[in-house]
Amino acid sequence: MKSFCFLGAIFFLLAASCSVNYDTVYETEGTVPELMLDDAVFSRVRDSKSVAEIQSKRLEEFKDGGVVLAKDIQFTTKTDGGEVSSFGSAGLMKADPQKEVYEFFNGIKIEAPEKGLVIEGESLRWNGKSEQLVGERGKPLTIKKDGMTLRGSGFSASAVSQSFSFSSNVSGIYVEKKSEEKEEDGQE
């Protein structure tokens with residue numbers, strides 16, 4: 001199997017259907033999976049250490065461009081020291097390892113405990129070349145970080161600049177840490 005590149009920074013737009021109409025008379029070579037695996041587990045290894053792992057109920061690889069579709073996935077990325085840096089799940093993933101584009105949809109949840117970050121939504125797209133994470137226009141996405149919960153549409157994040165933004169329908173709540181600590185101590 002061609003190298004199955006995994007998200008470096010993570011993390012998932014347009015839904016692609018796994019069902020293929022096999023009754024079609026015209027050329028189907030590019031639409032019929034070349035490889036199909038059930039209950040698949042893949043690890044990415046660097047310097048004899050596992051740096052990423054993906055599990056999938058169903059994985060299909062297509063001949064044209066090596067596009068991979070995976071259903072009901074769970075993934076984990078690790079630091080060079082072997083500690084989990086992020087983990088998550090999605091109902092469906094479409095990966096194009098050659099272009100370094102990964103699309104996640106149908107109930108996405110990504111957690112990066114080291115950074116205190118949780119992302120939840122319906123669709124995300126990661127571009128490894130530009131290191132951009134983008135949500136589908138018009139679909140809400142929720143981010144939780146450092147006492148802040150934001151929900152909005154038009155999500156965009158850059159791993160290069162370590163920043164993110166929403167283009168519309170933003171709402172949220174921020175709980176100041178000092179307030180939380182005082183409440184835990186019984187003070188106000």
Side-chain angles (χ1 to χ4, degrees), residues 1-20 22 27-112 114-115 117 119-137 139 141 155-162 164:
M1 187 171 132
K2 295 176 184 142
S3 85
F4 185 73
C5 198
F6 201 73
L7 320 165
I10 305 249
F11 312 73
F12 351 34
L13 228 182
L14 299 170
S17 175
C18 281
S19 62
V20 178
Y22 293 101
E27 179 65 43
T28 61
E29 188 173 312
T31 59
V32 176
E34 182 176 49
L35 176 68
M36 296 186 327
L37 300 168
D38 288 327
D39 297 321
V41 178
F42 290 94
S43 292
R44 182 173 186 193
V45 177
R46 185 183 313 131
D47 298 327
S48 302
K49 294 179 184 175
S50 174
V51 294
E53 183 175 283
I54 184 169
Q55 299 175 356
S56 174
K57 288 285 183 197
R58 176 79 171 206
L59 187 131
E60 299 176 348
E61 183 178 22
F62 295 82
K63 187 173 186 175
D64 287 351
V67 171
V68 175
L69 293 180
K71 182 179 177 185
D72 296 331
I73 67 162
Q74 295 181 353
F75 56 88
T76 304
T77 61
K78 298 178 183 177
T79 64
D80 290 337
E83 280 121 42
V84 173
S85 61
S86 64
F87 58 92
S89 61
L92 187 63
M93 178 186 78
K94 178 182 177 186
D96 188 335
Q98 292 177 352
K99 293 181 181 177
E100 295 183 44
V101 173
Y102 302 86
E103 297 172 299
F104 300 87
F105 19 149
N106 298 349
I108 303 154
K109 184 172 184 177
I110 301 170
E111 295 186 49
E114 224 174 49
K115 297 182 182 199
L117 178 68
I119 299 174
E120 296 176 297
E122 284 302 310
S123 61
L124 279 173
R125 178 183 174 134
W126 169 253
N127 184 320
K129 290 182 180 178
S130 66
E131 296 189 31
Q132 297 289 312
L133 184 63
V134 179
E136 186 176 354
R137 190 179 311 256
K139 298 274 181 154
L141 186 110
F155 174 77
S156 178
S158 169
V160 175
S161 67
Q162 298 279 322
F164 69 90

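For clarity, every value in this text was computed on a predicted model and none was experimentally measured.
In this structure, CZ on Arg58 lies 8.5 Å from CG on Leu37, to the nearest 0.5 angstrom.
Summarising the geometry of Ala157 relative to Phe155, their closest heavy-atom pair is CB-CZ, 3.6 Å, with the distance given to 0.1 Å. Listed here is the closest heavy atom pair of Leu92 and Lys71: CD1-CA, 4.2 Å. Scanning both residues, Gln98 and Lys129, for their nearest heavy atoms gives O-NZ, 3.9 Å. Listed here is the closest heavy atom pair of Met93 and Ala95: CE-CB, 3.9 Å. When all heavy atoms of Ser123 and Leu141 are compared, the closest pair comes out as O-CD1, 4.3 Å. When all heavy atoms are compared, the tightest approach of Ala90 to Ile108 is CB-CG1, 4.1 Å.
Between Val84 and Thr77 there is no side-chain heavy-atom pair separated by less than 4.5 Å. The side-chain heavy atoms of Leu69 and Phe62, taken from C-beta on, include a pair separated by under 4.5 Å.
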Starting from the C-alpha separation in whole Å, work towards a yes-or-no answer on side-chain contact (heavy atoms from CB on, under 4.5 Å) for Gln132 and Ser156.
-> CA-CA 7 Å; Gln132 297 289 312; Ser156 178; 4.1 Å; yes
Check the pair Ile54, Gln74 against side-chain contact (heavy atoms from CB on, under 4.5 Å), reporting the backbone distance first and the verdict last.
-> CA-CA 6 Å; Ile54 184 169; Gln74 295 181 353; over 6 Å; no
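Judged by distance alone, the side chains of Ser85 and Thr79 never bring a donor and an acceptor atom under 3.5 Å apart.
A donor-acceptor pair under 3.5 Å is absent between the side-chain atoms of Glu131 and the main chain of Gly128, judged by distance alone. Judged by distance alone, the side chain of Ser43 and the main-chain N or O of Val45 form no donor-acceptor pair under 3.5 Å.
In summary, Glu103 and Arg125 engage in a salt bridge, as defined by a charged side-chain N under 4.0 Å from a carboxylate O. Salt-bridge annotation for Arg46 and Asp80: present, with a side-chain N of the basic residue lying under 4.0 Å from a carboxylate O of the acidic one.
Centroid-to-centroid, the aromatic rings of Phe104 and Phe75 come within less than 6.0 Å.
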